[in-house]
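Whatever order the structure lists ligands and atoms in, that order sets their numbers, starting from 1.
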Amino acid sequence: MKDYKPEVIEKKWQDYWDEHQTYKALNDDDRGKIYLLVEFPYPSGQGLHVGHPRPYTALDIVARKRRYQGYNVLFPMGWDAFGLPTENYAIKNKIHPAIVTKQNIKHFKDQLKSIGFSFDWSREINTTDPEYYKWTQWIFLQLYKHGLAYKKESPINWCPSCKTGLANEEVIGGKCERCNTEVVRRVKSQWMLKITGYADRLIDDLDDVDYIERVKTQQKNWIGRSEGASILFPIKDSDEKLEVFTTRPDTIFGATYMVIAPEHPLLEKYKDRILNLDEINAYKEEVAKKSDFERTELAKDKTGVEIKGLKAINPISKKEIPVWISDYVLMSYGTGAIMAVPAHDTRDYDFAKKFGLDIVEVIKGGDISKEAYTDTNNGKLVNSEFLNGLEVKDAKEKMIKYLLENNLGNKKINFKLRDWVFSRQRYWGEPIPIVHCPKCGFVPVPEEQLPLLLPEVENYEPTDDGESPLANIKEFVETTCPKCGCHAHRETDTMPQWAGSSWYFLRYADPHNKDALASKDALNYWTPVDWYNGGMEHTTLHLLYSRFWHKFLYDIGVVPTKEPYVKRTSHGMILGENNEKMSKSRGNVVNPDDIVRDYGADTLRTYEMFIGDFEKPVPWMETGVRGCRRFLDRVWNLSDILVDGDKYSESLEKLIHKTIKKVSYDYENLKANTAIAALMSLLNEFVANKNITKADFRTFLMLLNPVAPHITEELWEQNNLGGYLNESSWPVYDEEKTIDNIVEMPVQFNGKLRFTIEVSKDANVDQAREIAMKNEAYAKNITDKKVIKEIFVPGKIYNIVVK
Ligand code: ANZ
Ligand code: ZN
């Protein structure tokens, strides 16, 4: 037998698969279909790191296994290639982002190919290809035509370094997710997508999908549906009523003051009555520098200013109460005003303590001490007139009823979810296909003119006033109105990073279609995606956005199902050897190319799976890589003990059936690590057995193939096991043969476990007794007592009742 040389055989099989289009998925096919999806990468300049192959290998295993089981498998790959890192690199190095993208894609593709993933490369897509973004623009126009895209002056998170607006999701701890610069607030006219119109459905339809629980929970929390009431508080000596949103209308007798956001319009409206306007304006200026995140941090020291000259009336207790401004109330949530209940709300309590405001307890729970406030959902109402003695739940209901009857408020549901800021003042994104006409206003670019191409420019830097670089290109900006023909201007903002990925899975169904984003037939056949694996970090962004677009496309009849993905799973991160996140600055990055070069792709794949539980973060260990390589070396050497024979070896048969069962189950449940462990045990038994038949070997190679596809194909061919492995079928097991004949049976005395015996699984009570009596513990447990009854369940339990 020749030496195991991965560098030779891996290239050989990759070429073979390419040439024979082994992994091509066929539209319209009688076989059962399965659509397996992994998140397409952003082709960055750094190339792949060892984190990428983890999810790819896990689903590649499922894809390969399902093909052997007779499925028509769609397992595609593509590039999510618009975005800032490429643009920033292009600016710095003076290369066009399209060229940078092309180079990066080539590098990524070579890397992915070298690892031997069974992607259907004939369906490769690229979000920056005009043939692709034509449809991204088309979807935008449909959203616009249905009132779901609108332009709005709104305060945005502005990154002064990237010179761009950021979605809330892109601000982490008050800083820009990309460059870590402190984010500031700025008012800008932005395109927005009305995802809030789908908030209820995005929560409710989670009941119909098979997502891992933490994904569902994170999406629900992000959308943040809270049910409560809006209540009107009259402003003294005016007709004004200040509306608040509260989830606790039951606590209104404890509302001893009000707080409005510093941006609240009430201030402007009543500026003539306000006595301390200077103080208020100074405070507003301070607040403008802070992000929402900083403002609402619980631990933060409370600040604020009382509005002198305005008082509110608690509409239920009729008491006059002060109105304050403070940054802990956000303009963007609810009504931008609250009734403060310091006895039962943490922030209100801190605020009241600091400024010496009244604290009135209205809920008596089991554990309220005199000193501490409490956020309590349970307990009975006190100090609340007609609510006294009621449980919180009943008090809420009664209060809402009272508010409705007296025209003081309404039932209200609020969402944390905000509309999606869909504008970037950057170059490397899809141009927004809208024309601004002085007479007609916004006019959509006619659909037959799509794609609206990104023009060639010299300079990709945003302008200093924060406008997109496209604003400097006359030939692009100057146009005529598609409606009235008069002189008009094009929109110069581009779409955000998340646009192209919001529908890419649809394009894979029919990637070369020129007349539609995909044909009806292709969509009916392939969608929904049966299984989508991706990172937890995409739960509240990409996953939510794409569900929103899909629901919209469903509503307008473009796609056949209301949810895009049947099932969603997620992988843990691969950490550096020092247990820290891999990053250049920490110097702990492992490049998969090095592993492929030094050990082979099959070793890399095996280790990526063997490294640990799929959902958990795990540190990379070079020793683990070597262990996997040694395993494959031993697999290679199995050829040495191969003998003729088309039946399983008798001594191995049971273990083989058991292993087929276990491995088949494990692969489908993302437990390839334990599947590999089972194959390692089987290998040990093979070696101990001194020889193996072709039948033994075939099954072993087939089971290992999804993890290590090259070495197994090669061994199959070299040992003439019949045709090609990739044309063979997944082995089946015989349930009978997976059941152990010998079982360990617990022996109990009066229901207490005393010892166990080994008996055949269908031994009767007499046989069990005979074996049990040989155990010295048997006599000890009987002593002078008498056996009065025996309870015996074959294969399970032997209980002896003595007295
Ligand atoms: C009175 C009250 C009493 C409240 C109590 C809570 C506890 P969620 O659940 O997150 O929706 N609130 C309302 N609008 C706000 C804003 N713009 N900025 C900051 N806080 C705001 O929270 C709803 C609660 O958050 C509301 O109910 C309100 O305080 C506060 F024992 O009203 B509550
Ligand atoms: Zn016009």
### Message
Per the salt bridge (Lys or Arg N to Asp or Glu O under 4.0 Å) rule, what does the pair list look like for residues 307-320, sequence neighbours excluded?
### Response
K236-E320, E306-K311
### Query
What atoms of ligand 1 come closer than 4.0 angstrom to any heavy atom of F245?
11 (O), 13 (C), 26 (C), 28 (C)
### Task
Check ligand 1 against M339 and write out every atom of the ligand that is under 4.0 Å from a heavy-atom position of the residue.
1 (C), 32 (O)
### Query
With a 4.0 Å cut-off on heavy atoms, is N414 touching ligand 1?
no
### Heteroatom proximity flag, K416 to ligand 1, N/O under 3.5 Å
yes
### Query
Okay, side chain of T561, backbone of E563: is any donor-acceptor separation there less than 3.5 Å?
yes
### Message
If we only consider heavy atoms of S226, is any one of them less than 4.0 Å away from an atom in ligand 1?
### Response
yes
### Query
Below 4.5 Å, heavy atoms only, C-beta onward: do M495 and Q137 meet side chain to side chain?
yes
### Member of L541, D80, L84 meeting the side chain to side chain contact (heavy atoms under 4.5 Å, CB included) criterion with Q497
D80
What side-chain donor-acceptor pairs closer than 3.5 Å can you find for residues 190-200, not counting sequence neighbours?
| from | atom 1 | to | atom 2 | distance (Å) |
| --- | --- | --- | --- | --- |
| Q190 | OE1 | Q425 | NE2 | 3.3 |
| W191 | NE1 | E491 | OE1 | 2.7 |
| T196 | OG1 | D419 | OD1 | 2.6 |
| Y198 | OH | D555 | OD2 | 2.8 |
| D200 | OD1 | R225 | NH1 | 2.5 |

### Query
With only distance considered, is M331 within less than 3.5 Å of ligand 1 through an N or O on each side?
no
### Query
Charged N to carboxylate O under 4.0 angstrom, D301 versus K354?
yes
### Query
For R248, is at least one N or O under 3.5 Å away from an N or O on ligand 1?
no
### Query
Any idea which of I413, T346, V341, I338 brings a heavy atom closest to atom 30 (C) of ligand 1?
I338
### Message
Check this for me - ligand 1, R347, N or O atoms closer than 3.5 angstrom, yes or no?
### Response
no
### Query
Does some side-chain heavy atom of N314 sit less than 4.5 Å from a side-chain heavy atom of F253?
no
### Query
Are the side chain of R295 and the backbone of D327 linked by a donor-acceptor contact shorter than 3.5 Å?
yes
### Query
Do any nitrogen or oxygen atoms of T251 come within less than 3.5 Å of a nitrogen or oxygen of ligand 1?
no
### Message
Regarding ligand 1, does H344 bring an N or O atom to under 3.5 Å of one of the ligand's N or O atoms?
### Response
no
## Note on the structure
A student checking ligand 1 against Y328 at a 4.0 Å heavy-atom cut-off should list atoms 18 (N), 19 (C)
